[in-house]
Protein chains: 2
Amino acid sequence: MKKPSRARPRAPIREQQRLDPSERESIIAREAVSFFAEFGFEGQTRELARRLRITQPLLYRYFPSKDALIERVYQEVFVERWKPSWEKIITDRSVPLKTRLIQFYREYAEVILTYEWIRLFMFAGLKDLGLNARYLKMLRERAFEKLIEEIRFEYGRPSTRDLPITVLEIEMVWGLHAAIFYLGVRKFIYSMPLETDVNSIIDAKVMTFLGGIRPVLPAETAT
Amino acid sequence: MKKPSRARPRAPIREQQRLDPSERESIIAREAVSFFAEFGFEGQTRELARRLRITQPLLYRYFPSKDALIERVYQEVFVERWKPSWEKIITDRSVPLKTRLIQFYREYAEVILTYEWIRLFMFAGLKDLGLNARYLKMLRERAFEKLIEEIRFEYGRPSTRDLPITVLEIEMVWGLHAAIFYLGVRKFIYSMPLETDVNSIIDAKVMTFLGGIRPVLPAETAT
DNA sequence: ACTATTATTTATCAAATGATAAACAACTTG
DNA sequence: CAAGTTGTTTATCATTTGATAAATAATAGT
């Protein structure tokens with residue numbers, strides 16, 4: 001049992017004031033990620049400040065405008081969370097292709113299947129700032145195209161350098177990506193709890209994908 | 001008998017004023033669908049009015065509040081556009097299963113793969129009003145569950161009445177749904193033009209789906 | 001301890017925005 | 001044509017909201 005003492009609040013639970021600028025800035029940025037993910041970019045700066053237990057004008061000491069803060073949120077989520085190691089996973093031919101794919105998609109899913117990532121990406125898309133197109137272009141170049149190159153190699157097909165990626169091939173990859181992304185949409189946008197383990201879904205999708213893409217690949221090199 | 005003898009306005013080039021209430025209301029509703037699909041539900045009533053070439057207070061003559069107008073938009077898009085005939089297509093056993101699936105998904109895709117449907121559905125989800133959950137529940141009951149029942153029947157498996165739908169089965173259907181829906185997301189939210197014919201993608205997905213769901217079905221009836 | 005610095009708050013502004021009331025004007029009816 | 005009905009506009013209100021300037025107070029340097 002505790003003795004309620006309303007005498008003095010023990011311990012310096014006291015609101016700390018005057019933080020170091022860099023620290024304050026990162027605190028604001030972090031909270032902004034969570035805040036805008038929940039309410040969208042029309043969320044009000046006053047409400048964000050309230051959550052941070054600071055006053056609203058203080059935000060403008062660290063970010064010149066609301067848009068600048070939103071820019072920072074993008075950076076935080078869509079740039080910082082990209083892991084260059086993923087590209088290594090995909091292209092590491094000392095590992096079986098299927099294993100690589102599963103590992104990549106599992107790790108990638110772990111990053112994007114979060115409340116913040118999914119919702120912010122969707123908010124950004126609806127608002128349109130070209131952010132999504134830019135991101136997906138990067139995703140295509142850094143991951144999808146490498147991935148198709150690896151699949152071509154695995155099955156003894158011409159390199160994508162010699163024979164450009166076909167519409168059907170990239171469409172297959174989009175399909176796999178859609179399946180994973182949609183899990184996040186269901187969970188974080190539709191508020192529908194997933195009844196299945198994400199990893200096992202990914203494994204199954206990857207295997208179906210590998211089975212399905214074969215007939216879509218260009219013919220074997222028969223020069 | 002009331003006779004709406006509308007005195008013919010001569011040469012309707014002139015901005016027509018004083019419309020019939022029911023007509024004005026439907027014009028407003030129609031424009032609101034397009035407007036909110038573009039800007040989201042935070043789109044301003046003044047801007048909507050400007051598009052309609054009417055003044056903003058007139059909106060409030062026909063809809064008591066902005067929320068009521070939004071409610072109407074939901075009705076217009078997510079209720080009115082549902083076609084009961086789809087359920088007949090799915091369950092019409094005089095037609096081969098694959099044909100039914102392809103026909104249903106083609107028709108369904110034609111309705112939901114529109115700028116308005118996709119974006120409004122996403123805006124609604126992000127705002128959360130339970131609308132999406134409600135819609136998807138309906139989709140599951142009226143389409144997906146019937147669809148699984150038909151597949152079970154086709155392959156001589158127990159009825160879903162005797163053996164409830166499994167998580168894996170419904171997951172497969174979600175996967176197919178995701179693939180189609182994501183086409184809309186790419187096009188209308190990410191602004192990425194689709195390079196392929198939607199119908200052929202659907203056909204391919206349906207066939208992959210039918211091949212993939214078989215091992216997931218419950219064992220054959222061995223009473 | 002004193003002073004300079006600066007993180008933070010208080011006070012406010014101006015524009016935007018949903019909503020209402022009253023004035024206006026187009027159409028109908030007698 | 002006069003009068004009444006009602007579709008539409010004008011004028012306006014009360015909040016909300018991004019942003020700024022000045023005042024305040026916590027910390028560092030000497």
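Throughout, protein chains are lettered first and strands after them, A, B, ... in sequence-line order, and every chain is numbered starting at 1.
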Novice: Using whole Å, what does the distance between atom P of nucleotide dC27(C) and atom CZ of Arg24(B) come to?
Specialist: 12 Å
Novice: Return the value, rounded to whole Å, for the distance between atom CD1 of Ile28(B) and atom C1' of dG7(D).
Specialist: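 That distance rounds to 11 Å.
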Novice: Atom CD of Glu25(B) to atom C1' of dT8(D): distance rounded to whole Å?
Specialist: 16 Å
Novice: Give a yes or no on whether a salt bridge exists between Glu76(B) and Arg72(B), defined as a side-chain N under 4.0 angstrom from a carboxylate O.
Specialist: yes
Novice: Looking at Thr166(A), is its backbone amide N or carbonyl O close enough to the side chain of Glu169(A) to form a donor-acceptor pair, meaning the two atoms are under 3.5 Å apart?
Specialist: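 Yes, because the side chain of Glu169(A) sits within donor-acceptor range (under 3.5 Å) of the backbone of Thr166(A).
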Novice: Calculate the interatomic distance between Leu19(A) atom CG and dT27(D) atom P; express it in whole Å.
Specialist: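 Rounded to the whole Å, the gap is 10 Å.
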Novice: Got a second to check how far Leu139(A)'s CG is from Lys137(A)'s NZ, nearest 0.5 Å?
Specialist: 12.0 Å
Novice: Of Pro21(B) and Arg46(B), whose nearest nucleotide on DNA chain D comes first from the 5' end?
Specialist: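 Final value for this comparison: Pro21(B).
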Novice: Let's see if you get this right: which residues in residues 58-75 of chain B place a heavy atom under 4.0 Å from DNA chain C?
Specialist: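 Per residue number, the list reads Tyr60(B), Ser65(B), Lys66(B).
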Novice: Side-chain N or O of Thr55(A) versus OP1/OP2 of dT8(C): is the shortest distance under 4.0 Å?
Specialist: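 It does not, given that no N or O in the side chain of Thr55(A) lies less than 4.0 Å from OP1 or OP2 of dT8(C).
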Novice: Closest approach of Leu59(B) and Thr45(B), non-hydrogen atoms and distance?
Specialist: CD1-O, 3.5 Å
Novice: Within this structure, what is the CG-to-P distance between Asp20(B) and dT5(D), rounded to whole angstrom?
Specialist: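 One finds 18 Å between P of dT5(D) and CG of Asp20(B), rounded.
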Novice: Quick one: which of dC27(C), dG18(D), dT5(C) gets closest to the side chain of Arg18(B)?
Specialist: dC27(C)
Novice: Closer than 4.0 angstrom, basic N to acidic O: yes or no for Arg119(B) and Glu38(B)?
Specialist: no
Novice: Between dT9(C), dT9(D), dG18(C), spot the one nearest the side chain of Ile54(B), thanks.
Specialist: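 Side chain of Ile54(B) sits closest to dT9(D).
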Novice: So does Arg50(B) pair up with Glu47(B), basic N to acidic O under 4.0 Å?
Specialist: yes
Novice: Using whole Å, report how far CG of Leu48(B) lies from C1' of dA19(C).
Specialist: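 It is 15 Å, rounded to the nearest whole Å.
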Novice: Not counting sequence neighbours, which residues clear salt bridge (charged side-chain N to carboxylate O under 4.0 Å, His left out) with Glu31(B)? List them please.
Specialist: Arg51(B)
Novice: Could you tell me the separation between the CD atom of Gln56(B) and the P atom of dT20(C), rounded to a whole number of Å?
Specialist: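 The distance from CD of Gln56(B) to P of dT20(C) comes to 11 Å, rounded to the nearest Å.
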